[in-house]
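Have a look at the structure below, then the notes.
Chain A is the first sequence line, chain B the second, and so forth, proteins listed ahead of strands; every chain is numbered from 1.
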There are 2 protein chains.
Amino acid sequence: MNDATPIVRKGRKFDQVLDGARDVFMVDGFEGASVDDIARAAGVSKATLYSYFPDKRLLFMEVANMECTRQSQSAVDFIDMNAAPRDVLCQAGKHFLRFITSKFGQQIFRICVAESDRFPEIGRAFYKSGPERMRAVMGEYFRAAGARGDLKIDDFTLAADQFGELCKADVWPRLMFGVIDTVSDEDIDRVVDNAVKTFLARYGP
Amino acid sequence: MNDATPIVRKGRKFDQVLDGARDVFMVDGFEGASVDDIARAAGVSKATLYSYFPDKRLLFMEVANMECTRQSQSAVDFIDMNAAPRDVLCQAGKHFLRFITSKFGQQIFRICVAESDRFPEIGRAFYKSGPERMRAVMGEYFRAAGARGDLKIDDFTLAADQFGELCKADVWPRLMFGVIDTVSDEDIDRVVDNAVKTFLARYGP
DNA sequence: TAGAAAGTGAACAGATCGGTTTATATTGTG
DNA sequence: CACAATATAAACCGATCTGTTCACTTTCTA
């Protein structure tokens with residue numbers, strides 16, 4: 001399983017291709033993006049592109065996987081495990097909401113939702129590197145906070161999911177469906193503060 | 001504005017076209033569906049189809065609008081305004097979650113999310129006939145229950161949104177991204193019961 | 001510096017798709 | 001029955017797209 005797989009490999013222009021592909025896919029989606037456009041954006045000939053990737057679908061998978069893990073890492077690795085729940089939830093919630101309402105966060109969600117029944121691997125990869133990662137980290141914090149008596153939670157993963165969903169209330173769907181196209185900091189503060197309030201009303205000490 | 005609009009009209013085979021279009025769009029999405037397939041599924045010639053609808057996009061809009069309003073009406077018009085919060089929330093939540101986790105509910109959400117930046121009208125129409133409708137009805141109930149002292153809510157619409165989002169926790173994203181492909185009644189009960197618990201912990205009497 | 005490896009540009013094949021046209025057939029109505 | 005509206009089937013147009021091929025150039029390396 002090392003040499004016989006003609007799937008992908010690394011070479012001089014590999015990253016160029018990947019970057020161009022990311023840019024075009026993020027603007028046009030999977031179907032909307034043409035390979036010629038990608039090659040042009042990457043500053044690479046189409047023949048070169050096809051020498052790295054066997055087809056468009058595999059190229060898309062590579063891009064999507066890469067972006068998902070890249071984004072989720074930055075969104076999660078800064079939680080202070082010893083801080084008070086109200087502070088941690090506020091900070092994490094705002095970071096989370098800012099990301100999923102960003103142009104980029106919106107688009108990656110859009111593409112994954114749309115394409116995950118044509119390419120089930122896409123959806124699963126996104127879930128694993130996105131929501132599931134958040135779940136794990138939050139669950140870990142909940143356990144620690146529970147041990148200190150700061151929170152009273154029975155089902156850690158469900159609680160983490162509930163908090164994530166609470167942060168989406170009001171503003172995220174309206175953005176997703178084009179009812180609005182900008183989110184103010186005040187909106188983010190308002191929604192997250194309310195999410196924290198509701199969450200702590202149930203799970204607080 | 002009555003006769004000069006060459007947009008749509010009603011005729012003998014109008015409903016046939018609409019039904020066929022709905023079936024094909026729901027399986028293949030907008031880009032994936034070909035007009036030839038739709039005409040075949042509708043049992044109608046392509047020329048006939050194009051005599052009713054000027055182009056594919058308008059046909060899709062008509063189908064999407066129709067389905068959104070049809071579904072949201074059935075999902076909302078059965079709330080007992082005088083019942084106790086716990087009962088109303090449980091019932092509404094389960095109805096809601098069952099719908100958005102159904103094959104049909106999933107697909108319409110998928111399409112609207114995917115296509116709502118190419119066709120902003122789609123997203124807005126979906127929001128108006130879906131989430132916004134739910135918001136309005138729940139808000140109305142909250143007001144009534146608040147007047148009776150059964151609930152203490154300051155922001156009705158935000159509370160309604162929070163409840164809707166709480167119902168999605170755990171099971172809906174996993175379904176949406178293909179991590180699972182079936183939802184048991186036990187899962188629905190568990191998630192909704194927990195949503196109600198969290199909601200009432202904050203807004204209960 | 002010579003030869004191999006990697007990249008280029010452009011054309012090409014094969015296919016699909018949206019939408020139109022045309023000649024013919026079906027249907028409804030006076 | 002006759003006439004008009006409506007529907008059909010099939011061919012067709014032009015555009016676009018994925019993926020391949022090929023003759024040629026650039027880049028790396030021994």
Side-chain angles (χ1 to χ4, degrees), chain A residues 3 5-64 111 114-115 117-119 121-122, chain B residues 2-64 111 114-115 117-119 121-122:
Chain A
D3 223 47
T5 48
I7 313 182
V8 285
R9 53 204 154 100
K10 315 264 155 174
R12 245 172 68 234
K13 307 226 159 180
F14 186 82
D15 293 337
Q16 253 182 73
V17 174
L18 224 58
D19 288 351
R22 188 202 52 201
D23 292 350
V24 178
F25 278 136
M26 283 304 143
V27 172
D28 296 335
F30 176 76
E31 298 282 0
S34 84
V35 177
D36 292 83
D37 279 355
I38 294 175
R40 199 176 308 120
V44 149
S45 79
K46 203 157 65 148
T48 303
L49 187 153
Y50 274 105
S51 81
Y52 282 106
F53 295 92
D55 61 25
K56 187 187 176 185
R57 189 176 134 274
L58 265 296
L59 173 56
F60 178 66
M61 290 279 301
E62 190 81 6
V63 168
I111 293 178
E115 235 64 53
D117 63 338
R118 209 183 306 262
F119 309 141
E121 310 105 316
I122 284 289
Chain B
N2 209 355
D3 222 50
T5 47
I7 313 180
V8 285
R9 52 202 155 102
K10 317 263 154 174
R12 247 174 66 234
K13 307 225 159 180
F14 186 83
D15 293 336
Q16 255 181 72
V17 174
L18 225 58
D19 289 350
R22 188 202 51 201
D23 292 349
V24 177
F25 277 136
M26 284 304 143
V27 172
D28 296 334
F30 177 75
E31 298 284 0
S34 83
V35 178
D36 293 82
D37 279 355
I38 294 175
R40 200 175 307 119
V44 147
S45 79
K46 201 157 66 147
T48 302
L49 186 152
Y50 274 104
S51 81
Y52 283 106
F53 295 92
D55 61 26
K56 186 187 179 185
R57 189 175 133 276
L58 265 296
L59 173 57
F60 178 67
M61 291 278 301
E62 190 80 7
V63 168
I111 293 178
E115 236 62 54
D117 63 338
R118 208 183 306 261
F119 309 141
E121 310 105 317
I122 284 289

Please report, rounded to the nearest Å, how far the [atom2] atom of [N] is from the [atom1] atom of [X].
X        : N       : atom1 : atom2 : result
Leu49(A) : dT21(D) : CG    : C1'   : 16 Å
Arg57(A) : dG19(D) : CZ    : C1'   : 15 Å
Gln16(B) : dA7(D)  : CD    : P     : 10 Å
Phe53(B) : dG18(C) : CZ    : C1'   : 16 Å
Tyr52(A) : dG19(D) : OH    : P     : 18 Å
Glu31(B) : dT18(D) : CD    : P     : 12 Å
Phe60(A) : dC17(D) : CZ    : P     : 17 Å
Asp37(B) : dG19(C) : CG    : P     : 15 Å

Problem - Note, Ile122(A) side chain near Ile111(A) side chain (heavy atom, < 4.5 Å) - result: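 No, their side chains stay 4.5 Å or more apart.
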Exercise for the section: Kindly indicate whether the side chain of Arg57(A), heavy atoms from C-beta on, has any atom under 4.5 Å from the side chain of Glu121(A). Expected result: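 Touching, per the 4.5 Å side-chain cut-off.
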Exercise for the section: Name the orientation class of the two ring planes belonging to Phe119(A) and Phe60(A) (parallel below 30°, tilted from 30 to 60°, perpendicular beyond 60°). Expected result: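 Correct class here is tilted.
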Using a cut-off of strictly less than 4.0 Å, decide whether [X] has a side-chain nitrogen or oxygen near OP1 or OP2 of [N].
X        : N       : answer
Tyr50(A) : dT21(D) : no
Ser45(B) : dA9(D)  : no
Lys46(B) : dC17(C) : no

Practice task
Measure centre to centre between the rings of Phe53(B) and Phe14(B), then say whether the value is under 6.0 Å.
Solution key: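 For Phe53(B) and Phe14(B), the ring centres are under 6.0 Å apart.
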Problem - Whichever of Gly43(B) and Lys56(A) has its nearest DNA chain D nucleotide further upstream toward 5' - result: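 Its nucleotide being nearer the 5' end, the pick is Gly43(B).
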Practice task
Select from Val44(B) and Gly32(A) the residue whose nearest nucleotide in DNA chain D is closer to the 5' end of that strand.
Solution key: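 Comparing both residues, the 5'-ward one is Val44(B).
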Quick one: which of [options] gets closest to the side chain of [X]?
X        : options                   : answer
Arg12(A) : dT27(D), dT8(C), dT27(C)  : dT27(D)
Asp55(A) : dA7(D), dG19(D), dA9(D)   : dG19(D)
Ser34(A) : dG19(C), dC17(C), dT18(D) : dT18(D)

Handout entry: Most 5' of Lys13(A) and Asp36(B) on DNA chain C, judged by nearest nucleotide
Key =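 First, find each residue's nearest nucleotide; the 5'-ward one identifies Lys13(A).
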Problem - Sugar-phosphate, base or nothing in reach of Ala39(A), heavy atoms under 4.0 Å - result: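 Here Ala39(A) touches no strand at all.
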Practice task
Check whether the side chains of Thr48(A) and Ser45(A) place a donor and an acceptor atom closer than 3.5 Å, and report yes or no.
Solution key: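 Looking only at side-chain atoms, Ser45(A) and Thr48(A) do form a donor-acceptor pair, the distance falling under 3.5 Å.
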